[in-house]
There are 2 protein chains.
Amino acid sequence: MARAGLSRERLIRAGAELADEVGFDRVTVSELARRFDVKVASLYSHLRNSADLTTGITLLALEEMADRAADALVGLAGRDALAALATAYRDYAREHPGRYAAARARLDPETAAGSAGVRHARMTRAILRGYDLAEPEETHAVRMVGAAIHGYAELESAGGFEHTPVDAGASWEWTLDALDAVLRNPPTSRPGRPSRPGRPD
Amino acid sequence: MARAGLSRERLIRAGAELADEVGFDRVTVSELARRFDVKVASLYSHLRNSADLTTGITLLALEEMADRAADALVGLAGRDALAALATAYRDYAREHPGRYAAARARLDPETAAGSAGVRHARMTRAILRGYDLAEPEETHAVRMVGAAIHGYAELESAGGFEHTPVDAGASWEWTLDALDAVLRNPPTSRPGRPSRPGRPD
DNA sequence: TCGCTTGCCTAATACTTATAGGTTGTGTCC
DNA sequence: GGACACAACCTATAAGTATTAGGCAAGCGA
């Protein structure tokens, strides 16, 4: 009987394509077996279980996104770097919605520590270091920027912007400008009324 | 045989509690039947199918969040209103992670149009109207603020802030200040930067 | 060529979703 | 107060998915 040439690598890659086609939450080992024209049990020689497949897809997506972001970042700083990183994420989410959803799935701590998630965190912080914020403001900024980027990518890929006839790309550029502006001129650490230091009305 | 007193209402409410306990993606009709000590088939008199249950939970969560937000908003404007709305979402996400995840699930267009999602959009826009932005900037702002709030809530409830020893509440206040500041003084057409070749969108 | 490893198989179990059709509790109408 | 109709819950059944155990054979190394 001809062999299908399965391997963990190939299965996870095919699983990622499946995720982009039907959604990450609908990835099943059964469907994967069907695509390779193979019985389900055969996959269990290469995958421990169903979760092994899905976390494999998550790790793959994190790697791919980190690679893209790193490529986009070379030689850039300031707003250009921020825009390059953010747009790498946004583009990835639009091209690979299933993989993007996979990348947002929660990992257990040890797996997360060994994943490309670490590179993402480092890149974000490196960019923000260019804005000269002290701690804890830099951490605040990392969180805000991460929230804005991933929130935007998620809302957009979930179709949340389709009700309003304003170009999503224009809102994206505006958002990047806004983030850049606020990072250059961050709010005071006092939770009181903002006095916008250094900028007259 | 004693009757369990099932109803669509009760089932969806119990489903929402189940979601908060085990995660929205692990809500099943089987588990729900188990909790009511009833056979699975019995639920199908009250629910059309499994999707009927999950979208019911989504709609419930959207309603609850909109009610909370509306309560928090009375009599407020400006940064106070922004903070009230955003914090209503954040608190809801922290208290009810499963329901919050449900609220972010995608609905088909007609269902979405009849959902409390419409109220959310109206409230956000009403708050931003106070910042006196023209179109399309107001829409850009709606998208940015929505992305930042929901991105933050999601990252936080996914444990994304647990690696860094900076209080998540402090970052939250800083982020609200930053959003308020940038809305008061929005980016025009790239202040102080040459216009870059735009990406075709 | 022998034999061993590995790749894929059949078979079996358990759980979830879903439908069809039966039985019984209970409120309502006379 | 009894009959009845409907609603609530049941049993039985079927299909899809996840997982494990054990078997056979392809094809590489000796």
Side-chain angles (χ1 to χ4, degrees), chain A residues 1-61 98-99 101-102 105-108 111, chain B residues 1-61 98-99 101-102 105-108 111:
Chain A
M1 181 158 296
R3 298 194 173 183
L6 304 183
S7 75
R8 185 184 154 79
E9 175 79 15
R10 278 194 73 194
L11 287 173
I12 287 175
R13 212 159 275 284
E17 277 158 36
L18 178 57
D20 285 334
E21 289 172 35
V22 304
F24 181 57
D25 49 337
R26 289 195 195 157
V27 171
T28 65
V29 289
S30 305
E31 178 59 28
L32 206 53
R34 231 170 275 129
R35 300 220 163 181
F36 279 97
D37 199 26
V38 137
K39 298 298 170 183
V40 194
S42 307
L43 303 194
Y44 282 83
S45 311
H46 306 276
L47 303 170
R48 268 202 315 286
N49 50 33
S50 178
D52 190 26
L53 170 63
T54 53
T55 75
I57 298 171
T58 294
L59 293 174
L60 172 66
R99 284 157 143 103
R106 188 161 197 178
L107 297 171
D108 57 298
T111 312
Chain B
M1 182 159 295
R3 297 192 174 186
L6 304 183
S7 75
R8 186 185 152 78
E9 175 78 14
R10 279 193 73 193
L11 287 174
I12 287 174
R13 211 159 276 283
E17 276 157 37
L18 178 57
D20 284 333
E21 288 172 36
V22 304
F24 180 57
D25 49 337
R26 289 196 195 156
V27 171
T28 65
V29 289
S30 306
E31 179 58 28
L32 206 52
R34 231 170 275 128
R35 300 219 163 181
F36 279 97
D37 199 26
V38 136
K39 298 297 171 182
V40 194
S42 307
L43 302 195
Y44 283 85
S45 312
H46 306 277
L47 302 170
R48 268 203 315 284
N49 49 35
S50 178
D52 191 26
L53 170 65
T54 53
T55 74
I57 298 171
T58 294
L59 293 173
L60 172 67
R99 284 156 142 103
R106 188 161 198 178
L107 296 172
D108 58 295
T111 312

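Just so it is clear, the structure is predicted and the values come from calculations on it, not from any experiment. Reminder, nothing fancy here: chain letters follow the sequence lines and each chain counts from 1.
Note that CZ of A:Arg34 and CG of A:Leu18 are 10.0 Å apart. Values are rounded to the nearest 0.5 Å. The OG1 atom of B:Thr54 sits 9.5 Å away from the CD1 atom of B:Ile12 when rounded to the nearest 0.5 Å.
Between the CG atom of A:Asp25 and the C1' atom of D:dT17 there is a distance of 15 Å, given to the nearest Å. A straight line from CG of B:Leu47 to P of C:dT17 spans 11 Å, rounded to a whole angstrom. Atom C1' of nucleotide C:dT6 and atom CG of A:Leu43 are separated by 15 Å, given to the nearest angstrom. Counting to the nearest Å, the P atom of C:dT17 and the CZ atom of B:Arg26 are 14 Å from each other. One can place NZ of A:Lys39 at 16 Å from C1' of D:dG23, the figure rounded to the nearest angstrom. When the P atom of C:dC15 is taken as reference, atom CG of B:Leu32 falls 18 Å away, rounded to whole Å. One interatomic measurement links the two molecules: CZ of A:Arg10 to P of C:dG7, which rounds to 13 Å at whole-angstrom precision.
The phosphate of D:dC10 (OP1 or OP2) has a side-chain N or O of B:Ser42 nearer than 4.0 angstrom. When the side-chain nitrogen and oxygen atoms of A:His46 are compared with OP1 and OP2 of C:dT6, none of them lie within a distance under 4.0 Å.
Side-chain proximity of A:Thr28 to D:dT17, C:dC8, D:dC10: nearest is D:dT17.
Looking at heavy atoms from C-beta onward, B:Leu59 lies in side-chain contact with B:Thr111 at the 4.5 angstrom threshold. For the pair B:Leu53/B:Val29, a side-chain contact is recorded, criterion being any heavy-atom separation below 4.5 Å from C-beta on. A:Val27 is not listed as a side-chain neighbour of A:Leu32, based on a closest heavy-atom distance of 4.5 Å or more.
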Distances under 3.5 Å between nitrogen or oxygen atoms of protein and nucleotides 19-22 of chain D:
residue, atom, partner, partner atom, Å
D:dT19, OP2, A:Tyr44, OH, 2.9
D:dT19, OP2, A:Ser50, N, 2.6

Could you go over nucleotides 13-16 of chain D and give all protein N or O partners under 3.5 Å, atom names and distances?
none

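Sorted by first and then second residue, the side chain to side chain donor-acceptor pair (under 3.5 Å) pairs with a member in residues 15-24 of chain A read A:Asp20-A:His96, A:Asp20-A:Arg99, A:Glu21-A:Arg35; sequence neighbours excluded.
The shortest heavy-atom contact between B:Ala102 and B:Ile57 is CB-CG2, 3.8 Å.
Residue B:Arg26 places its CZ atom among 12 or fewer non-hydrogen atoms of other residues, nucleotides or ligands, all under 6.0 Å distant. Applying the 6.0 Å contact sphere to CG of A:Asp108 captures more than 12 heavy atoms from other residues, nucleotides or ligands.
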